[in-house]
Amino acid sequence: QVSLVESGGGLVQAGDSLRLSCVASGRTFSNLAMGWFRQAPGKEREFVGAIHKSGGMALYGDFVKGRFTISRDNAENTVYLRMHNLKPEDTAIYFCASSPAIISLKRSSGEITWGQGTQVTVSS
């Protein structure tokens with residue numbers, strides 16, 4: 001069973017950058033696609049992006065528009081979400097997720113393990 005622990009959230013100002021991290025344990029990391037989702041108050045959970053187990057391919061939600069980048073370090077069992085030019089509407093709880101298949105993360109269906117989330121608040 002996979003355990004995911006996110007870190008790196010916090011309070012930032014509009015225009016700032018932030019990097020979230022998620023450390024996985026309990027399963028061979030390089031066999032897992034990894035992803036990020038977010039959920040703002042009163043809204044449904046939203047797909048941010050996902051990265052293939054090899055790190056060779058990444059998918060992003062339509063709203064990202066080049067501001068966010070997902071990367072992974074298989075030696076450190078860690079996936080990152082680097083966010084630039086943050087906006088108040090990016091305020092949300094950001095969740096790390098893992099799945100054997102990247103398409104499951106993209107569709108938010110199938111075998112997915114979730115982290116507890118980390119709060120990101122962007123002030124105007």
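Atoms considered below: every heavy atom in the structure, side chains included; atoms not considered: hydrogens, waters and symmetry mates.
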Inset, instruction - Can you measure from SG (Cys96) to CG (Leu105) and round to the nearest 0.5 angstrom? - result: 9.0 Å

Legend entry - Closest heavy-atom pair and its distance - Ala50, Ile70: N-CD1, 3.2 Å

Inset, instruction - Spell out, as yes or no, whether a donor-acceptor pair under 3.5 Å connects the side chain of Thr91 to the backbone of Val122. - result: yes

Legend entry - Sequence-distant partners of Glu111, side-chain hydrogen bond (donor to acceptor under 3.5 Å, both in side chains), two or more places apart: Arg27

Legend entry - Aromatic centroids of Phe37 and Phe47 separated by under 6.0 Å: yes

Legend entry - Closest heavy-atom pair and its distance - Thr78, Val23: OG1-CG2, 3.7 Å

Inset, instruction - Report yes or no: does Arg67 contribute a side-chain atom to a donor-acceptor pair with the main-chain N or O of Asn85 at less than 3.5 Å? - result: yes

Legend entry - Heavy-atom check, side chain of Phe63 versus side chain of Glu89, under 4.5 Å: no

Legend entry - same_hphob_cluster(Leu32, Ile112) at 4.5 Å side-chain heavy-atom cutoff: no

Inset, instruction - Go through the structure and list residues passing side-chain hydrogen bond (donor to acceptor under 3.5 Å, both in side chains) with Ser17, not counting sequence neighbours. - result: His84

Inset, instruction - Provide the closest heavy-atom pair for Met83 versus Val120 in the form atom of the first, atom of the second, distance. - result: CE-CG2, 4.1 Å

Inset, instruction - Work out which heavy atom in Ser104 is nearest to a heavy atom in Ser99; give both atom names and the distance. - result: CB-OG, 3.3 Å

Legend entry - Value rounded to 0.5 Å, distance of CE in Met34 from NZ in Lys53: 12.5 Å

Legend entry - Minimum side-chain heavy-atom gap Asp90-Phe68 below 4.5 Å: yes

Legend entry - Nearest heavy-atom neighbours spanning Leu4 and Cys22: CB-SG, 3.9 Å

Legend entry - Crowding at CD, Gln116 (>12 non-hydrogen neighbours, <6.0 Å): no

Inset, instruction - Taking atom types as modelled, find out whether Arg38 and Tyr94 have a side-chain donor-acceptor pair closer than 3.5 angstrom. - result: yes

Inset, instruction - Indicate if Trp36 and Val64 have the same hydrophobic cluster label, given that clusters are the connected sets of ILVMFWY residues with side-chain heavy-atom separations under 4.5 angstrom. - result: yes

Inset, instruction - Answer yes or no: is there a donor N or O on one side and an acceptor on the other, between the side chain of Glu6 and the main chain of Gly117, under 3.5 Å? - result: yes

Legend entry - Greater than 12 external heavy atoms within 6.0 Å of Asn31's CG: yes

Legend entry - Ser123 (side chain) donor-acceptor with Val12 (main chain) under 3.5 angstrom: yes

Inset, instruction - Report yes or no: does Thr28 contribute a side-chain atom to a donor-acceptor pair with the main-chain N or O of Ser30 at less than 3.5 Å? - result: no

Legend entry - From Ser108 atom OG to Glu46 atom CD, the distance as rounded to the nearest 0.5 Å: 11.5 Å

Legend entry - Shared hydrophobic cluster, Phe95 / Ile102 (ILVMFWY, side-chain heavy atoms < 4.5 Å): yes

Legend entry - Among Thr69, Val48, Ile51, the one residue meeting side chain to side chain contact (heavy atoms under 4.5 Å, CB included) with Leu81: Val48

Inset, instruction - Identify the heavy atoms of Gly9 and Leu20 that sit nearest to each other, and give their distance. - result: N-CD2, 3.6 Å

